[in-house]
Amino acid sequence: MKILVLNCGSSSIKYQLFDMPAAVVLAKGLIERIGESTSAATQTTDGGELKLERGIGSHTEGMELVSEMLTHPDQGALQSMDEIAACGHRVVHGGERFTGSVLIDASLESVLEEYSDLAPLHNPPNLTGIHEAKKLLPEIPQVGCFDTAFHQTIPQVAYLYALPYSLYEKHKVRRYGFHGTSHKYVTLRAAELLGKPVESVNIITCHLGNGCSMTAVKNGKSVDTSMGLTPLEGLVMGTRTGDFDPAILFYLVRKGYSMDDLDRMVNKQSGLIGISGVSNDLRDLQEKATGGNLRAQLALDIFAYRVKKYIGSYLAVLNGCNAVVFTGGIGENALIMRRRILSDMDSLGLRLDEGRNAATIGVEGEIQQSDSPIKILVIATNEELLIALETHSIARELEALKDTIKDEPEILVR
Ligand code: ADP
């Protein structure tokens, strides 16, 4: 069964075509700069790399180009788009309604539109992707996979802010958490590596990329996570502050900063780039720090300190755990950052093995000493694969239930 996975941004479409259940990637593509005069499209298949440059004015044209590339006579992966059995969509915000991946029908689309307020930069293009895929592939199931869904098991004590309760009732102000697809994928993989059923796995997952978040996973379920109503809260990120005193904003408003200035500042000009003044990219910062740049060094120190602090708090939340998992571009590759984070944590049960840490760059592995009470795992995340697996599962169930589900699509929740 061929499954197309789509991730639509405001000016881009990322896609992967999977052959399921073998989980073989048949094609991987990216269309960038939609809406600009020259857009770029690249696709990799067994037939090689296909690159096209042309003006792509809209997501409608972008999806037509996806179809053209997938069915390209030499470097395509399909004879016809009819071979695709289902389409899985990454959707950033599923609010409180979506606790798992779900078959999308017209009524659910309108619910999703409601959540656009909560993720104004992400949900509208994600929805556009769903509309366009429906136009292009009207006969097949469209499945929504939400960044927030894995975190819907977080208890109220962890998701509610100590603000007036009426804000939660009126405006749904609460912690939602993001990167759920990644945290869920590495949780499932960690269970395999630990040789335990996922229902008995207690771990702390650290997704460290440009955006960074951590999750406390108890019995295979998310019970707390560092991002909040928006992805701003929690860890220090490439350009976001993470946790800071919100009264700083009132202070700066009184100093004359506008809301737009502050929004831009905390989301785009803070974090690693804000502290260092040099770069939001960890590799650049490591290079600068080695060359003696003290602000680059400081940015790295503050980044590591925040992750360490969250590990400590989640160890308390979980009353200890089986493993700490590192994933994302930084988590999977940055051995110096892992060392910095895990330094002096041996009395908490985390003992890093320097040799194993140095040997585990961009590959999966265990990096703790043999006597470490808590394991330390490096796992490459694969959000597209999880979306493909859940879409495949819903599509198969849909086939089996074809006659009975007409009015109850939500029974197909993963
Ligand atoms: P995104 O959140 O955009 O998906 P990634 O997960 O790709 O981002 O992570 C990007 C971050 O990973 C960057 O800060 C980059 O410097 C860092 N990174 C990638 N490879 C390495 C490496 N080999 N060593 C150190 N940092 C790395």
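Everything quoted here is computed from the prediction, not taken from an experiment. Note that these values count all heavy atoms, side chains included, but never hydrogens, waters or copies made by symmetry. Throughout, numbering of the chain's residues begins at 1 and tracks the sequence. Each ligand, and each atom within it, is numbered from 1 in the order the structure gives.
The shortest N/O to N/O separation between Leu208 and ligand 1 does not fall below 3.5 Å. Backbone and side-chain nitrogen or oxygen atoms of Arg283 are examined, and one is located within less than 3.5 angstrom of a nitrogen or oxygen of ligand 1. Residue-to-ligand polar distances place Asn210 within reach of ligand 1: an N/O pair is separated by less than 3.5 Å. Taking only nitrogen or oxygen atoms, main chain and side chain alike, Ile361 does not reach within less than 3.5 Å of ligand 1.
Of all protein heavy atoms, the one closest to atom 6 (O) of ligand 1 is Gly329 N, 2.8 Å. The shortest contact between atom 14 (O) of ligand 1 and any protein heavy atom is with Leu282 N, 3.0 Å. In terms of protein heavy atoms, atom 11 (C) of ligand 1 is closest to Ile330 CG1, 3.7 Å. Of the protein's non-hydrogen atoms, the one nearest atom 16 (O) of ligand 1 is Asp281 OD1, 2.7 Å. Atom 21 (C) of ligand 1 has as its closest protein heavy atom Asn333 CB, 3.5 Å.
Remark: atom 4 (O) of ligand 1 lies closer than 4.0 Å to no protein heavy atom.
Aromatic rings from Phe326 and His207 are positioned such that their centres are separated by 6.0 Å or more. His59 and His131 have their aromatic ring centers separated by at least 6.0 angstrom. In this structure, His151 has its ring center no closer than 6.0 Å to that of Tyr176.
Listed by number with element, the atoms of ligand 1 under 4.0 Å from a non-hydrogen atom of Ala334 are 25 (C), 26 (N).
Rounded to the nearest 0.5 angstrom, Asn202 CG and Asn322 CG are separated by 5.0 Å.
For the pair Glu354 and Arg338, the salt-bridge criterion is not met [side-chain N within less than 4.0 Å of a carboxylate O]. Salt bridge status for Arg174 with Glu96: present, with a side-chain N to carboxylate O gap under 4.0 Å. Residues Glu399 and Arg396 are not paired through a salt bridge, judged by the lack of any N-O separation under 4.0 Å between the basic side chain and the carboxylate.
A heavy-atom separation below 4.0 Å is found between Gly211 and ligand 1.
When atom types are taken as modelled, the side chain of Glu68 and the backbone of Glu64 share no donor-acceptor pair closer than 3.5 angstrom.
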